[in-house]
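Just so you know, these numbers come straight off a predicted model, no measurement behind them. Just the heavy atoms: all of them, side chains too, but no hydrogens, waters or symmetry mates, feed the values below.
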Amino acid sequence: MRTTTSAAVAGAAALALLLTACGGDDGDDASAEGGPATVRIGYIPGPAPAMNLLLADERGYFAEQDIEVELTPFQTGISLSNALTGGSIDVGVMGAVVANFPARGQGKLFLLNNLEADIQQIWAAPDSGIESVADLAGTEVATTTGSAAHLLLHVALAAEGVPADDVEIVNLDMPAVANTFVTGGVPAAALWAPFDAQVEEQLPDATLIATSADYEDAAIAGGWVANNDFYADHKDTLARLAEVWLRSNEDLTADRDAALADACPRLEEFMTAADCAEIYGKTQTYTNDEWAALYEDGTALDWVGRMEQVFVDIGALPQFVEPDQFFDTSIYTDAVAS
């Protein structure tokens with residue numbers, strides 16, 4: 001794909017994520033007196049990546065495992081991954097970037113959250129003549145390069161036989177992608193929820209032409225990544241984090257409405273509780289036992305590998321690394337077995 005970068009910065013979208021802070025400087029796994037472990041966790045404050053984390057914190061599941069957490073929101077998976085690599089964060093909870101930085105040797109993936117089935121989307125403007133992905137040939141498409149939305153666009157074009165070079169990407173941050181699209185600056189956009197709400201409100205005649213659920217190769221999953229030092233030194237804490245995840249995931253699959261009612265208010269700085277619940281409804285979730293089967297039969301590794309391959313294809317990764325080199329599935333499967 002030909003890529004152009006626009007310098008235009010649109011007015012902030014109502015639902016844009018605002019914070020890019022890093023965590024504190026100290027984060028010992030346990031105090032000298034043998035007190036609870038303290039884990040500095042950075043996260044992307046969206047329902048798909050953060051729901052298990054925030055629900056577990058809200059319902060006290062970390063405390064039950066004798067873990068204290070310091071939670072810090074980040075605007076993007078790239079900024080979070082950089083903080084993780086730099087050591088100011090012990091664990092990062094993020095989206096598709098779990099198949100990027102860990103593949104470079106920067107952190108170990110140890111949990112997946114869900115599939116972001118309908119969260120990434122491709123939209124066409126009214127009167128653009130674009131009715132399908134195939135019609136994107138010869139057009140401009142606004143997106144954020146190297147993101148999960150870009151991943152969907154790449155997979156969709158390949159599936160529909162559109163040469164990547166036939167599409168010109170207009171590279172913007174995601175609030176600007178949505179704003180540029182609804183104001184007529186580009187005929188198409190690849191974006192993610194909650195920015196679809198802005199499209200539906202301000203450009204109601206726009207057409208949704210694809211989501212990641214339409215393409216098997218666009219299996220987009222987020223998860224939990226430990227920095228290399230934390231992974232090497234604190235496997236016991238990672239095991240307890242997996243136990244916490246199991247509790248929150250059981251709640252989300254057994255009584256989603258009650259779980260979302262508790263956790264969604266934790267994102268009120270970024271979106272309404274109703275928007276949070278709607279966005280989480282676009283994910284594909286699995287029970288703990290279903291996840292165990294997906295880990296054990298290699299499906300989870302395959303999903304990560306597919307994401308990684310797209311990052312290689314678009315030039316965001318230099319080479320493909322087998323996912324089992326950076327995704328430790330045993331932490332989850334051992335937690336289930338115990």
Exercise. Same cluster or not: are M51 and L246 linked, directly or through other Ile, Leu, Val, Met, Phe, Trp or Tyr residues, by side-chain heavy atoms under 4.5 angstrom apart?
Worked result: no
For this session: State yes or no: do V155 and L153 share one hydrophobic cluster built from I, L, V, M, F, W and Y residues joined by side-chain heavy-atom distances below 4.5 Å, directly or via other members?
Result: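 Yes; L153 is reachable from V155 via cluster members.
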Exercise. Any salt bridge between K282 and D196, counting N to O under 4.0 Å?
Worked result: yes
For this session: Measure from NZ or CZ of K108 to the centre of the six-membered ring of Y231 and say whether it is under 6.0 Å with the direction within 45° of the ring axis.
Result: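 Because its charged atom sits under 6.0 Å from the ring centre and within 45° of the axis, K108 does stack over Y231.
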Exercise. D251 versus R256: any side-chain heavy-atom pair under 4.5 Å?
Worked result: no
Judged by modelled atom types alone, do [X] and [Y] share a side-chain donor-acceptor pair under 3.5 Å?
{"X": "N171", "Y": "T145", "value": "yes"}
{"X": "Y215", "Y": "Q120", "value": "no"}
{"X": "E243", "Y": "S338", "value": "yes"}
{"X": "S330", "Y": "D328", "value": "yes"}

Problem set entry | W245 ring center within less than 6.0 Å of Y332 ring center | yes
Problem set entry | Flag if over 12 foreign heavy atoms under 6.0 Å of CD, E290 |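 Check passes, neighbour count above 12.
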For this session: Could you tell me whether a side-chain N or O of N179 sits under 3.5 Å from a main-chain N or O of P175, the two making a donor and an acceptor?
Result: no
Exercise. Is the backbone of V177 close enough, under 3.5 Å, to the side chain of T180 for a donor and an acceptor to pair up by distance?
Worked result: no
